[in-house]
Each structure stands twice: as C-alpha cells, then as structure tokens.
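Just below is one structure, and these are the notes that go with it.
Ligands are counted one by one from 1 in listed order, and the atoms in each one are counted from 1 as well. By convention here, the first residue in the shown sequence is residue 1.
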Amino acid sequence: MSTVIYWFRNDLRLADNPALRHACQTASRLVPVYCHAPEQITQWGFPRVGRHRRQFLAGGLADLATQLGARGSTLVELHGDPVGSLAELAQQTGARQIICEAIAAPEETAEINALRAAGIDVDCHWQSTLLDPDSLPFSSDGLPDVFTTFRQAVEKAGIAPRPPLPEPVLIPPLPAGLCPAPVTPIAPTTPDPRSAFPFAGGATAAEGHLAQYLHRKLPHTYKATRNRLAGIDDSSKFSPWLASGALSARQIMARLKAFEAEHGANEGSYWLWFELLWRDYFRLLHCKYGQHLYRASGLNGHHTPAHAPDAFARWRKGETGEALVDAGMRELAATGNLSNRMRQIVASYLIHDCACDWRAGAAWFETQLIDYDVCSNHANWLYIAGHGTAPRGGRRFNPDKQTREYDADGRYRALWSRP
Ligand SMILES: Cc1cc2nc3c(=O)[nH]c(=O)nc-3n(C[C@H](O)[C@H](O)[C@H](O)COP(=O)(O)OP(=O)(O)OC[C@H]3O[C@@H](n4cnc5c(N)ncnc54)[C@H](O)[C@@H]3O)c2cc1C
C-alpha cells in the first residue's frame, strides 16, 4: 500500500491538474491537503493576507472539498508553517511522498527545499503555464529578455497549448483511521455593490463565469474595452480563478479556440491569448532570474530611491490628493480588485511620483488583491519600476493624461469618492 500526500498549492481544481492526476495514478491511499500559511505581518507593517483574498480562497477551498467529497475523499486543512505541518502529516500517515505543483518563486521554492532537507521525497510538477516549457524553442536560460521577442518566437514556431486533461478517474481513498475536520466554514459577506469582481472562489464559479463570458461573446469586444476602469465585462475577470488555480490557462484557451471556431476569431479574441502569454512570460522569467527579481534594484542595479513611509501610508489610504489614484486605492481596499490600467496608474504614482520602494507597493497589492499571483505581481511592479528586463526603463503614467483618457467624465472618481 503506498500512501501519498497531494499538496494543493495554487491549483485548487481536479480537472487539468497533471500533478494530481499523477498522484492518483501512483497512490493507493491519497491525502489531499491544503496548508494555510501562518498569519504574518510584512516588513512594511501590515498583514500579509487581507480579508478579500481570504474570503475568495475560502470559497475555493469549500468548492474543492465538496468535489473531493463527492468522489469519496476529503480535503485536509493544515495551519501554520507548511514544512513542519506536512512533515508531521507524512509521519502520521506513513506517506512515502508528497506530490505538488512547482511554483518558481523564492519562498515557494524554499518550502520544497526545506521539505527535501527534512528527508521527505517531494515530486514537483510544472503545470501553471499555458505553454509547456518543453515545447518552447529556447531553454529556460535562453528565454528572450523582451516579451515581444518571446511572443513572436512562440507564434512563429506555431506553439500551442496541449489540450486540458480530464479530472482523475478515481481519487484514491484516505488512509484508514484518518478523520480530518471538515473544511473551515466561512461567514458569507456581501460584496461592495460597486465591485467589478462580485464573484465567488472555486472551480464551479469559475466554470460558470467562463461559460457566460463566452456565451455573451465578450471575447470579441475584449481588446476595445480592456483598458476601461470599472466595468465587470470590460475584461475577462479570469485572474482570481487563475491565481488560485480553480481554472487553468489551458482550460480557458481550449474553450476560447472552440468559441473562435464557432463564432469567428478577431482582434479581441486574439488579445486574450496575447495577455495569457504575458502571464506565461512572467512565470518563465522567474525560472530564469529567480531571487534576482526580488532585489530592490531588480535586474539592472539602478539606484532605488529611499523609501518614503508617510507618502506610502497616504497612498495606501487613498489620501494622496491625486483624485484618480485615490479612487483606485479606495476601490482596491473596498473590493480587492483593480483593473489593469488602474494598477499601472497607482503603481507608477507610488514609484515615480512618491519616490517609494516598489517592493512596498507590491506587498500592499499582495495583501489586498483577490487575484494575487506571486509571479505576475512582482514582475509587473518590477516592469513599471524599470528594474526588470524591459529595454525602455521605468514606465511613468502621467495621472493628468490618464484621467483625461480614461476618466474624462469623472464617473470612476465619483464612484470611488468615498471608501
Ligand atoms: C502593478 C501590477 C500588479 C499586478 N498584479 C497581478 C497579480 O497579482 N495577479 C494577476 O493575476 N495579475 C496581476 N497583474 C496583471 C493584470 O493587471 C491582471 O492580470 C488583470 O488586471 C486581471 O484582470 P482580468 O482577468 O480581467 O484580465 P484580462 O485583461 O481579461 O486578461 C486575461 C488574463 O491575462 C493575464 N494577464 C493580463 N494582463 C496581464 C499582465 N499585465 N501580467 C500578467 N498576466 C496578465 C491574466 O491572467 C488575466 O486574467 C498586475 C498588473 C500590474 C500593473
């Protein structure tokens, strides 16, 4: 009898989950686990995980637990340091191996290294990108430093994602005698009526959202609307489910291709692929540069201004005096969501106008964002700060110009004129 622990990380789904599928094929007893990180205060003085993401994550875990329950299994929740708790669980259950997805970010890699140093066999599977790294025309070290070069190479070589996998035929039962407590229930909260992301976590909600997005043919208008500031339908809103892994990028692409076959492709549907390639690119950049992406000076060693804590506090509270920026910061705090354009505007303002350390802004986004994704968040901040691989240096978004272009009628500022 071989007992295996399956450690759900940012992959809270049963379908298109190669690591889980492998675990189900090799184990006779399987312990599906999720580890809640211990509560932490960041070096900038606020909790690492805020209420919006906690709520969304709880929804995703409840949905996963329901699906596992329907297949005769259960989700085991652990709290505290994942290394210690997983090691203890392995000992308690006699598990010979932990199987999980690979995450190419420093802390997540360190967790795996610590488990291995503790003598535990950990089998990590790369599965979070749309494209399989082995299908790319370059090694991870040879990844182009310019996104356009990367995208053009992928498109020229005609590289396509592999089709998504079905869910495992059978989830092996828990080891005899293991009776985990039911998944922690959460008190439902009512989303702010102004929120552009009023959705729940989990694969069931993700599937419902994807189906209606395609049914309403929204990919066709995506390119024209994606830079708007406030509407639910202006962009896909896939990111929170992608970040928690309730939905995979391959599942989205497969459905998008079927949509294009039925309703036609256009610039809008193409642009969703384009943006998902950015997501891949930032993950692959982590494989190439790892920890270097987390230095204050990033990859280029340019001077980083000293941090300005008072300006940072005003930015967080939406009290900078710059109306568009303040509206964005209030939306973020009230909902855990912010459009891509507003993320760029508020990040640029913190870095280039308030002369603050980009890593403080990235940490605040980590706390607040429902869709927090370690690779996308850090790489986007680095890009705006000008410390990443982009050849043109930092990107400053002039607030006056952005206000004229994206909120000329003042509706967005009026919507978020109060917390
Ligand atoms: C400072 C900053 C921080 C960010 N932090 C995060 C983060 O923590 N998590 C996160 O998922 N995205 C992050 N992004 C990227 C982007 O803002 C969000 O992915 C997007 O707003 C999510 O909304 P959507 O799903 O409607 O995106 P859409 O516009 O519909 O795009 C479709 C998908 O493409 C991907 N995508 C789009 N733009 C980007 C991008 N710039 N970088 C990487 N992937 C992209 C996302 O997976 C997204 O769901 C950040 C951007 C900035 C400027």
What protein heavy atom sits nearest atom 16 (C) of ligand 1, and how far away is it?
N340 OD1, 3.3 Å

Per ring-ring contact (aromatic ring centres under 6.0 Å, His included), F150 is matched among F282, Y281, F274, W278 by Y281

Qualifying salt bridge (charged side-chain N to carboxylate O under 4.0 Å, His left out) pairs with a residue from residues 343-355, counting only residues at least two apart or across chains:
R343-D371, D353-R396

Atoms of ligand 1 close to R279 [distance to a heavy atom under 4.0 angstrom, numbered from 1]:
43 (C), 44 (N), 47 (O)

Distance alone, cut at 3.5 Å: any donor-acceptor contact between the side chains of T335 and D192?
no

Which atom names give the shortest non-hydrogen contact between H387 and A296, and what distance separates them?
CD2-O, 3.4 Å

Can you check which of N377, L130, L277 brings a heavy atom nearest to atom 4 (C) of ligand 1?
N377

Min N/O separation L242 to ligand 1 under 3.5 Å
no

Heteroatom proximity flag, S236 to ligand 1, N/O under 3.5 Å
yes

If I apply the N/O under 3.5 Å rule, does K237 come out as touching ligand 1?
yes

Going by the order shown, which atoms of ligand 1 are within less than 4.0 Å of some heavy atom of F238?
25 (O), 49 (O)

Hey, is R226 one of the residues with a heavy atom under 4.0 angstrom from ligand 1?
no

Atom 39 (C) of ligand 1 - nearest protein heavy atom and its distance:
E275 OE1, 3.8 Å

Short version for D371: what comes under 4.0 Å of ligand 1, heavy atoms counted, is both

Hey, are D16 and S248 close enough side-chain-wise for a donor-acceptor pair under 3.5 Å?
yes

Ring-face cation contact, W364 with R316, 6.0 Å cut, 45° max:
yes

How close does the nearest protein non-hydrogen atom get to atom 1 (C) of ligand 1, and which residue and atom is it?
W381 NE1, 3.5 Å

Indicate yes or no: does an N/O atom of W278 lie under 3.5 Å from an N/O atom of ligand 1?
no

From R343, E366, H378 - option closest to atom 20 (C) of ligand 1 by heavy atom
R343

Quick one: sort the H263 and H220 rings into parallel, tilted or perpendicular, breaks at 30° and 60°.
perpendicular

Can you name the atoms of ligand 1, numbered from 1 with element, that are less than 4.0 Å from a heavy atom of Q344?
53 (C)

I'd like to check whether D373 has a polar contact with ligand 1, where a contact means an N/O of the residue lying under 3.5 Å from an N/O of the ligand.
yes

Note: R194-E331 ion pair, threshold 4.0 Å (strictly below):
no

Using heavy atoms and a 4.0 Å limit, tell me yes or no: is Y222 in contact with ligand 1?
yes

Between F199 and F56, ring centroids under 6.0 Å
no

When distances are taken from atom 19 (O) of ligand 1, the protein heavy atom at minimum range is S239 CB, 4.0 Å

Atom 33 (C) of ligand 1: which protein heavy atom is closest, and how many Å away?
L276 CD2, 3.9 Å

What residue and heavy atom of the protein are closest to atom 15 (C) of ligand 1, and at what distance?
N380 ND2, 3.6 Å

In short, salt bridge (charged side-chain N to carboxylate O under 4.0 Å, His left out) pairs touching residues 122-144 with sequence neighbours left out are none

Charged N-O contact under 4.0 Å between R48 and E366
yes

In sequence, state the C-alpha distance, the side-chain angles, and the governing distance for T66 and L68, and then conclude on side-chain contact (heavy atoms from CB on, under 4.5 Å).
CA-CA 5 Å; T66 303; L68 286 167; over 6 Å; no

